[in-house]
Each structure stands twice: as C-alpha cells, then as structure tokens.
There are 2 protein chains.
Amino acid sequence: MTATSAAKRGIPDATVARLPGYLRALDGLVAQGVGSVSSEELATSSGVSSAKLRKDLSHLGSYGVRGVGYDVGHLRYQISRALGLTQDWPVAIIGMGNLGRALASYGGFAPQGFTVVAVLDRDPAVVGQRVGDLVVQPMEVLPSLTEGGQVAIGVIAAPAASSQDVADQLVAAGFSSILNFAPGVISVPDHVQVRKVDLATELQILAYHEQRRTSPGADLEVAR
Amino acid sequence: MTATSAAKRGIPDATVARLPGYLRALDGLVAQGVGSVSSEELATSSGVSSAKLRKDLSHLGSYGVRGVGYDVGHLRYQISRALGLTQDWPVAIIGMGNLGRALASYGGFAPQGFTVVAVLDRDPAVVGQRVGDLVVQPMEVLPSLTEGGQVAIGVIAAPAASSQDVADQLVAAGFSSILNFAPGVISVPDHVQVRKVDLATELQILAYHEQRRTSPGADLEVAR
DNA sequence: GACTGTGAATACGTTCACAGCT
DNA sequence: AGCTGTGAACGTATTCACAGTC
C-alpha cells in the first residue's frame with residue numbers, strides 16, 4: 001500500500017535502512033587500516049546504539065567473534081552482499097533541471113556500486129546537451145534501457161506536475177525500482193518499489209520541532 | 001542519541017512525518033476548489049490508509065465532522081499550525097557545489113513557508129558569485145544570521161569531508177536545526193535537531209529489494 | 001446512511017540484560 | 001575478561017472494528 005510492501009522472510013525494513021550507514025562507517029575503518037571493530041565502536045561511528053547494531057547484524061548471520069569483535073573486511077563484504085551490492089546497479093535519471101543535473105554530476109554513487117548510465121528529458125531543447133559524461137536522451141529511449149534486463153532503477157528528478165507521467169513511463173518500460181525526488185505521491189503497481197526524497201517535507205519536520213522549542217505547550221488552543 | 005530525541009507530550013514522530021504529505025494533498029484540493037473531503041479521499045491522495053489518516057489527525061484535535069468529512073481550508077490551517085508553518089522560516093544553505101546550487105535555485109520551498117536567505121561557501125573563489133537571487137557569502141557571516149533570533153535552520157550541502165566542520169560552525173553560530181545532505185554521521189549537541197537526506201542510502205535500499213526480486217531465498221548461504 | 005474518532009488488538013522496533021563463546 | 005548473539009520486556013506504530021455524531 002504505502003511504500004515498502006513487507007518482505008517475506010527477509011531482513012526487517014528498519015535494519016535494511018541502517019545497513020548503508022554501517023557500510024559507510026566500515027569503509028572509513030578500511031581506509032584507516034583498522035582490521036577489527038567492536039559493536040560499541042562501529043555503533044558510535046554509525047550513530048546508533050550498540051544493542052541496535054548487534055540486533056541488526058544478527059539478522060544477516062553470525063559474523064562476529066565473541067570476546068573479540070567483527071572483522072572489518074568480512075563484515076563489509078557480508079553487508080554488501082545482503083544489500084545486493086556485489087553487482088553494480090545502473091541507474092537512469094529522468095529530468096535534467098537543476099536537481100537532475102546536480103544528481104547526474106554528483107560522484108557520490110559510483111563508489112557505492114551505482115552508475116548513472118542514462119539521463120533523459122522530455123524537452124527537445126534539452127535533449128542532446130551534455131551533462132557530465134553523458135548526452136541527454138529523449139524519453140523514447142526508456143524501453144531500450146531495460147532490454148538487457150540490466151537497468152532497473154529510475155530516478156525521477158522531474159517537476160511534480162509530470163512525476164506521475166514519468167513514473168508511468170518508467171513502469172511501462174519495465175523499471176521495477178523508482179527513487180522519486182518530486183514532491184507528491186506517485187502511484188505504481190505493487191511489484192514496483194518506490195522511495196521518496198522530499199526536501200520540503202524534511203524542512204517541515206524540522207520546523208515542527210523548532211517551533212516546539214519556542215512555544216512549548218501550544219497543543220490545545222482555541223480551535224477558531 | 002540517534003536522531004529525534006523523543007518529544008514530550010507532542011505529536012508522535014511518525015505522524016509528524018506524514019503531516020507534510022497531507023498538507024500537500026490539501027493544497028491540491030484547494031487548487032481544485034474542493035471544499036470538503038472524507039478521510040478516505042484524503043488518504044488516497046496522500047498515499048496512506050484512511051485509518052492511519054484519521055488516527056494521525058486525531059492527534060491534532062477533532063477537526064472533522066462525523067458523517068460529513070473535513071473542511072479542506074480549516075484542516076489545512078490546523079495542520080500548518082501544528083507544524084509551525086504559520087510563520088515563515090528562513091533557511092541558510094552551506095556549500096555551493098552542484099547540489100547546493102540546485103537546492104538554492106529550486107523554488108520548491110518558498111510556497112511551503114521556507115525562504116533561502118543566505119548561501120555560503122568556504123571557498124573564496126566561490127564567494128561573491130551569484131546563485132539565483134543571492135550572492136554567495138563567506139562562512140564568517142554565519143553568526144550574524146542568527147542574531148535577530150530568526151534564522152535557525154541550516155542546510156549542509158558540503159562534501160562529506162567537511163560536513164562535521166560545517167555542523168560545528170552551525171552549532172557555534174546558534175543554529176538549532178540542521179538538514180544534512182552530506183553522507184555520513186554528524187554529531188551535534190542534544191538540543192540540535194538533525195535530519196539526513198542521503199542519496200546513496202536510498203539507492204542501496206532499493207538495490208536490496210531489487211536483488212530480492214531476482215534471487216529470492218539467498219538468505220542462508222555458505223558464509224565464506 | 002455516512003463518516004469520524006478511538007479503544008482494543010496486533011505488528012513492528014528498540015532496549016535490556018545475560019547466557020554463551022573465545 | 002571481553003564482547004557477541006539473543007530471548008524477554010518494553011515502547012511505538014498500525015490496523016481493526018465499532019460506538020458516537022451529524
């Protein structure tokens with residue numbers, strides 16, 4: 001219904017959402033040449049409690065050594081494998097406005113196993129322009145991207161008004177995972193995974209807490 | 001400890017996170033000239049179940065009418081008020097790389113009650129450049145932004161390597177809410193709210209589900 | 001008759017605290 | 001002695017289902 005349609009016999013959603021954080025912390029340790037960590041140390045560098053970390057890792061298997069800790073390299077590999085990052089995931093970005101360009105140029109995915117293989121826009125004036133190493137392609141190429149059975153993740157960076165339209169085209173082309181940066185809800189068939197990133201929502205959540213700081217008990221008030 | 005340090009006698013976190021979605025759906029209805037909605041209709045346009053919607057709204061008060069539904073304008077106002085959006089929130093963005101520029105130029109906040117009032121960068125070569133309507137300022141101006149007691153929300157769009165440094169400067173300048181786009185954890189004092197938006201994390205979560213689709217029961221396997 | 005608001009039931013997530021292994 | 005892995009306890013979120021109101 002909403003976002004994640006419950007995984008049958010898999011890793012709990014809350015845990016999956018934290019695994020990338022552990023992975024990043026482990027990469028930091030690898031870079032520092034650290035070979036082994038305790039749950040306490042790894043938890044601190046990931047910003048969680050050690051009990052939560054251990055529970056999370058216990059869902060992947062028993063990869064620690066009692067009395068010692070976790071082997072950094074091995075744990076890193078196991079988390080990668082659990083997340084499906086032993087393969088590289090090609091990604092297509094739709095919508096080459098400010099945000100789309102920023103995402104396309106941002107080097108942040110590549111090291112994590114994601115490669116932007118195509119950038120598209122429906123505006124003929126934008127098609128053909130260079131963005132980073134790529135040339136903007138028209139929407140018509142979408143179906144060809146999924147042909148090898150490879151590209152499966154689409155990123156919607158189009159304006160809200162056309163996000164449902166883009167989502168429909170992604171689904172029709174055979175994409176099964178969508179990361180949506182456009183505000184608002186998009187509806188897709190059950191078998192398609194959608195995740196949403198929304199700036200305005202995040203700011204509004206911060207505003208709520210910020211406001212509570214200054215006017216504490218403004219809960220029950222004259223309702224008009 | 002982690003992110004949200006539990007609200008005393010407030011609206012549940014999960015509810016707060018969904019209110020912006022309801023607000024957006026209500027704005028759509030206002031634009032269509034609709035004056036009244038049922039929980040079922042509003043839930044559908046917000047992508048949640050009607051029971052969840054009603055429970056969420058019940059935390060704000062009783063603003064519906066049994067047998068009828070909710071008055072769109074009044075509910076919109078009540079949610080705005082609960083979120084603290086009856087005032088406008090000035091925002092400062094730190095880091096004018098690709099992402100920072102995209103965020104600064106993105107018009108998406110303004111209608112929601114957020115105004116980007118300052119954009120900063122620590123690189124002297126970037127300081128002075130125009131980004132949208134603003135001129136990039138040096139980091140030194142940070143403390144002056146909070147002087148009127150006004151600017152309280154800072155957006156970190158700097159690279160991961162300097163995100164902790166930027167966070168420290170925001171905290172020192174008196175910011176009490178931070179939206180962090182840089183990968184990795186930042187640590188701040190308890191009274192500072194932090195929310196994180198991380199691309200790579202979202203893609204990794206999608207990859208997990210995507211991988212499960214293709215290789216279903218790859219859970220217990222030879223552990224090396 | 002229609003639709004809200006909510007207690008009760010259930011599911012999910014986190015924390016505690018300790019048994020079990022090295 | 002040190003640290004993991006995990007059952008049991010607790011807390012939070014979601015769903016159900018219906019009493020209450022218009």
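Scope of the values below: all heavy atoms of this structure, side chains included, with no hydrogens, waters or symmetry mates. Per chain, numbering begins at 1; letters A, B, ... match sequence-line order.
Looking at residues 14-24 of chain A, you'll see A/Ala14, A/Arg18 sit with a heavy atom under 4.0 Å from some atom of DNA chain C.
With D/dA13, C/dG5, D/dG5 as the candidates, the nucleotide lying closest to the side chain of B/Ser62 is C/dG5. With distances taken from any side-chain atom of B/Lys52 to the nucleotides D/dG5, D/dT14, C/dG5, the minimum falls on D/dT14. For B/Ser38, counting side-chain heavy atoms from C-beta on, the closest listed nucleotide (C/dG13, D/dG5, C/dT4) is C/dT4.
One can find a donor-acceptor pair under 3.5 Å joining the base of C/dT4 and the side-chain atoms of B/Arg66.
Considering only side-chain N and O atoms, A/Ser39 lies under 4.0 angstrom from the phosphate OP1 or OP2 of D/dT4. OP1 or OP2 of C/dG5 has at least one side-chain nitrogen or oxygen of B/Tyr70 nearer than 4.0 Å. Look at B/Ser49 and you'll find a side-chain N or O under 4.0 angstrom from OP1 or OP2 of D/dT15.
At a cut-off of 3.5 Å, with distance as the only test, no side-chain donor of A/Asp71 or A/Ser36 sits close to an acceptor on the other residue. Checking A/Ser80 against A/Arg76 by side-chain atom types alone, a donor-acceptor pair falls below 3.5 Å. In summary, the side chains of B/Gln193 and B/Ser176 do not present any donor paired with an acceptor at a separation below 3.5 Å, with no hydrogens or angles considered. Side-chain atoms of A/Arg81 and A/Thr86 form no donor-acceptor pair, as typed in the model, at a separation below 3.5 Å.
Counting only distance, with no hydrogens or angles, the side chain of B/Arg213 and the backbone of A/His191 share a donor-acceptor pair below 3.5 Å. The backbone N or O of B/Ile11 lies less than 3.5 Å from a partner atom in the side chain of A/Tyr208, making a donor-acceptor pair. Side-chain atoms of A/Trp89 do not come within 3.5 Å of backbone N or O of A/Val151 as any donor-acceptor pair. A donor-acceptor pair is defined here as one N or O able to donate and one able to accept, closer than 3.5 Å; such a pair exists between the side chain of B/Glu41 and the backbone of B/Ser38.
In this structure, the CG atom of A/Asp56 is 10 Å from the P atom of C/dT15, given to the nearest Å. Between A/Glu40 atom CD and D/dT4 atom P the separation is 9 Å, expressed in whole Å. Counting to the nearest Å, the C1' atom of C/dG5 and the OH atom of B/Tyr63 are 14 Å from each other. A straight line from CG of A/Asp71 to P of D/dT4 spans 13 Å, rounded to a whole angstrom. Between the CZ atom of A/Arg54 and the C1' atom of C/dA17 there is a distance of 10 Å, given to the nearest Å. Atoms CG (A/Leu53) and P (D/dG5) sit 10 Å apart, rounded to a whole Å. Going from atom CD1 of B/Ile11 over to atom P of D/dA13 covers 12 Å, rounded to whole Å.
A side-chain hydrogen bond (donor to acceptor under 3.5 Å, both in side chains) with B/Ser39 holds for exactly one of B/Lys52, B/Arg54, B/Lys55; it is B/Arg54.
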Tabulated below should be each protein N or O lying under 3.5 Å from an N or O of nucleotides 7-11 of chain C; please produce it.
unit_1: C/dG7; atom_1: N7; unit_2: B/Lys55; atom_2: NZ; d: 3.4
unit_1: C/dG7; atom_1: O6; unit_2: B/Lys55; atom_2: NZ; d: 3.4

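Nearest-nucleotide assignment on DNA chain C puts the 5′-proximal partner with B/Leu57, out of B/Leu57 and A/Val65. If you find the closest nucleotide of DNA chain D to A/Ala51 and to A/Gly67, the one lying nearer the 5' end belongs to A/Gly67.
Within the model, atoms CG of B/Asp27 and OH of B/Tyr22 stand 15.0 Å from one another, a figure rounded to the nearest 0.5 Å.
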